[in-house]
Amino acid sequence: MPNILVSGTAIPAKDLRELLDYARTRSNPMTVATVGQGAPGHLISELLQRTAKVKFEHVPYKGSPEAIQDTMSGRTAFYMA
């Protein structure tokens, strides 16, 4: 199953490496939107945190339209689908 990471325009990163580097420089954890607790996107974001040694704040949504909208508007840093 493919996984997709989508960030809003407020994140100054062009790829995953830059996003992780940016996350490491922040004093507060970046927010990651997913379609719910235990969903594939949530589990992948947890795995990414552990392997990359960064901290994210999980923001669960009931569906992808809301998660994408909040990511594009800057309310969440990125969306893991």
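Bear in mind the structure is a predicted one, so any value in this text is a computation, not a measurement. Excluded from the calculations below are hydrogen atoms, water molecules and symmetry mates; all remaining heavy atoms, backbone and side chain alike, are included.
Residues passing the salt bridge (Lys or Arg N to Asp or Glu O under 4.0 Å) test with Arg24, sequence neighbours excluded: Asp21. Scored by the ring-ring contact (aromatic ring centres under 6.0 Å, His included) test, Tyr61 finds no partners at all (sequence neighbours excluded). In this view, Leu5 and Leu16, Leu19, Leu48, Phe78, Met80 satisfy the side-chain contact (heavy atoms from CB on, under 4.5 Å) rule, not counting sequence neighbours. Here His42 pairs with Glu46 under the side chain to side chain donor-acceptor pair (under 3.5 Å) rule; sequence neighbours left out.
Between Leu43 and Gly38, the shortest heavy-atom contact is CD1-O, 3.7 Å. Residues Pro60 and Gln37 come closest through the heavy atom pair CB-N, 4.0 Å. Smallest separation of non-hydrogen atoms from Leu20 and Ala52: CD1-CB, 3.8 Å. For the residue pair Ala33 and Ala67, the shortest heavy atom distance occurs at CB-CB, 3.9 Å.
Residue Glu66 holds its CD atom at 11.5 Å from OG1 of Thr71, rounded to the nearest 0.5 Å. The CD1 atom of Ile4 sits 10.5 Å away from the OG atom of Ser64 when rounded to the nearest 0.5 Å.
Screening residues 1-38 for ring pair (Phe, Tyr, Trp, His ring centres under 6.0 Å) gives no qualifying pairs among residues at least two apart or on separate chains. Sequence neighbours left out, not one pair with a member in residues 50-61 passes salt bridge (charged side-chain N to carboxylate O under 4.0 Å, His left out). For residues 3-18, no pair satisfies side chain to side chain donor-acceptor pair (under 3.5 Å), with sequence neighbours left out. A salt bridge (charged side-chain N to carboxylate O under 4.0 Å, His left out) check over residues 30-43, counting only residues at least two apart or in different chains, returns nothing. Residue pairs that meet the salt bridge (charged side-chain N to carboxylate O under 4.0 Å, His left out) test with at least one member in residues 70-79, sequence neighbours left out, are Asp70-Arg75.
Connectivity analysis of hydrophobic side chains (ILVMFWY, heavy atoms under 4.5 Å, direct or indirect) links Leu47 to nothing; its cluster partners are none.
Linking Ile, Leu, Val, Met, Phe, Trp and Tyr whenever their side-chain heavy atoms come within less than 4.5 Å leaves Ile44 and Val6 in two separate clusters.
The only member of Thr34, Val32, Thr31 that meets side chain to side chain contact (heavy atoms under 4.5 Å, CB included) when paired with Val59 is Thr31.
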